[in-house]
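One structure below.
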Amino acid sequence: MYEQKTKENDRSVIEFIENVDSPKKREEAYKLLDIFTETTVCKAKMWGTSIIGFGSYHYKYASGHEGDAPLVGFSPRKAKISLYFATGDSKREELLKDFGKHTSGKACVYINKVADIDVDVLKALINQSVKFLNETYPNN
């Protein structure tokens with residue numbers, strides 16, 4: 001049976017940020033921590049070893065695979081900062097047009113620093129992701 005690897009845990013978010021190697025990445029992580037906390041009104045929690053998540057939802061696919069995931073989150077990775085938003089939401093692409101300097105994959109949006117992006121659009125992306133997931137998985 002499949003065991004989900006990235007689970008919410010009790011590790012300290014602050015301790016994780018303090019252990020980020022790059023002082024600049026650490027500073028960016030604190031900026032994002034403030035923005036995500038203020039926007040979601042959720043307490044930051046560690047998910048796995050390197051994702052800072054906010055809120056959670058339970059998903060179940062038609063295949064029977066199910067698990068829990070953060071509504072939104074971020075991770076200050078070595079190369080870039082990964083931002084986690086809902087996948088499958090068409091409004092995400094609309095918002096990203098005005099986001100600023102970034103790249104994106106299926107699940108993540110990657111940035112170098114907060115100064116490269118429009119913080120108001122970041123807040124809109126956070127709110128849209130939370131709204132989309134709460135509507136898609138209403139029994140959280």
Side-chain angles (χ1 to χ4, degrees):
M1 185 170 164
Y2 173 81
E3 170 101 20
Q4 185 176 337
K5 290 180 189 151
T6 306
K7 296 180 186 173
E8 183 180 323
N9 60 67
D10 291 330
R11 291 184 56 226
S12 166
V13 170
I14 300 301
E15 197 173 294
F16 169 71
I17 294 172
E18 285 299 316
N19 285 310
V20 170
D21 287 340
S22 161
K24 287 191 184 301
K25 279 273 181 349
R26 211 174 307 132
E27 184 181 326
E28 295 298 315
Y30 279 119
K31 287 178 189 173
L32 289 168
L33 180 63
D34 288 344
I35 293 166
F36 274 78
T37 301
E38 176 188 309
T39 307
T40 63
V41 197
C42 292
K43 184 179 187 328
K45 300 287 257 170
M46 289 302 301
W47 285 76
T49 58
S50 62
I51 296 173
I52 300 169
F54 300 82
S56 67
Y57 69 100
H58 186 79
Y59 60 86
K60 186 170 186 174
Y61 300 136
S63 66
H65 175 79
E66 64 182 297
D68 297 300
L71 290 167
V72 290
F74 70 92
S75 183
R77 308 250 185 223
K78 274 190 172 72
K80 292 188 180 275
I81 298 167
S82 300
L83 306 175
Y84 299 95
F85 303 113
T87 56
D89 182 4
S90 60
K91 292 187 178 159
R92 178 178 108 160
E93 293 309 312
E94 287 174 40
L95 289 166
L96 285 174
K97 289 176 187 171
D98 299 318
F99 190 48
K101 187 177 173 186
H102 74 283
T103 55
S104 59
K106 184 179 177 187
C108 297
V109 174
Y110 305 98
I111 64 170
N112 289 315
K113 58 187 182 288
V114 176
D116 289 343
I117 61 167
D118 183 324
V119 172
D120 289 333
V121 175
L122 173 58
K123 290 177 181 179
L125 281 160
I126 293 167
N127 285 325
Q128 177 56 34
S129 188
V130 170
K131 179 178 182 254
F132 175 80
L133 290 169
N134 283 333
E135 289 171 354
T136 306
Y137 303 96
N139 297 321
N140 289 315

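As the structure is a prediction and not an experimental result, all values here were calculated from the model.
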Indicate, with yes or no, if Val20 and Ile35 share a hydrophobic cluster defined by side-chain heavy-atom contacts under 4.5 Å among Ile, Leu, Val, Met, Phe, Trp and Tyr. no

Could you walk me through whether Asp116 and Lys113 pass the salt bridge (Lys or Arg N to Asp or Glu O under 4.0 Å) check? CA-CA 6 Å; Asp116 289 343; Lys113 58 187 182 288; 3.3 Å; yes

Taking atom NZ as the centre, does Lys101 end up with more than 12 heavy-atom neighbours from other residues, nucleotides or ligands that are less than 6.0 angstrom away? no

Nearest heavy-atom contact between Ala86 and Leu133 is CB-CG, 3.7 Å

Any Lys/Arg nitrogen of Glu28 or Lys24 sitting under 4.0 Å from an Asp/Glu carboxylate oxygen of the other? no

Minimum-distance pair of heavy atoms, taken over all atoms of Val72 and Val130: CG1-CG2, 4.3 Å

His58 side chain vs Gly67 backbone, donor-acceptor pair below 3.5 Å: yes

Do NZ/NE/NH1/NH2 and the carboxylate oxygens of Lys78 and Asp21 come within less than 4.0 Å? yes

Considering non-hydrogen atoms only, spot the tightest contact between Ile117 and Leu122 and give its length. CD1-CD2, 4.0 Å

Would you say that Ser50 contacts Arg77 through its side chain, given a criterion of any heavy-atom pair below 4.5 Å between the two side chains? yes

Side chains of Asn9 and Thr49, heavy atoms from C-beta outward: is any pair under 4.5 Å? no

Is a side-chain donor or acceptor of Thr6 paired with a backbone partner of Gly48 at a separation under 3.5 angstrom? no

Residue pairs, two or more places apart or on separate chains, that pass ring pair (Phe, Tyr, Trp, His ring centres under 6.0 Å) and touch residues 83-111: Phe99-His102

Do the side chains of Arg11 and Glu15 get close enough for a salt bridge, i.e. N-O under 4.0 angstrom? no

Report yes if the side chains of Trp47 and Ser75 come closer than 4.5 Å at any heavy-atom pair, otherwise no. no

Within residues 7-27 or reaching into it, pairs that qualify as ring pair (Phe, Tyr, Trp, His ring centres under 6.0 Å) - sequence neighbours excluded: none

Considering all heavy atoms, the nearest Gly105-Arg92 contact: O-NH2, 2.9 Å

Are the side chain of Thr40 and the backbone of Phe54 linked by a donor-acceptor contact shorter than 3.5 Å? no

Which atoms form the tightest heavy-atom contact between Lys60 and Tyr137, and what is the distance? N-CE2, 4.0 Å

Of all heavy-atom pairs linking Ile17 and Ala29, the shortest is CG2-CB, 3.9 Å

Side chain to side chain contact (heavy atoms under 4.5 Å, CB included) between Leu125 and Leu96, worked out: CA-CA 8 Å; Leu125 281 160; Leu96 285 174; 3.9 Å; yes

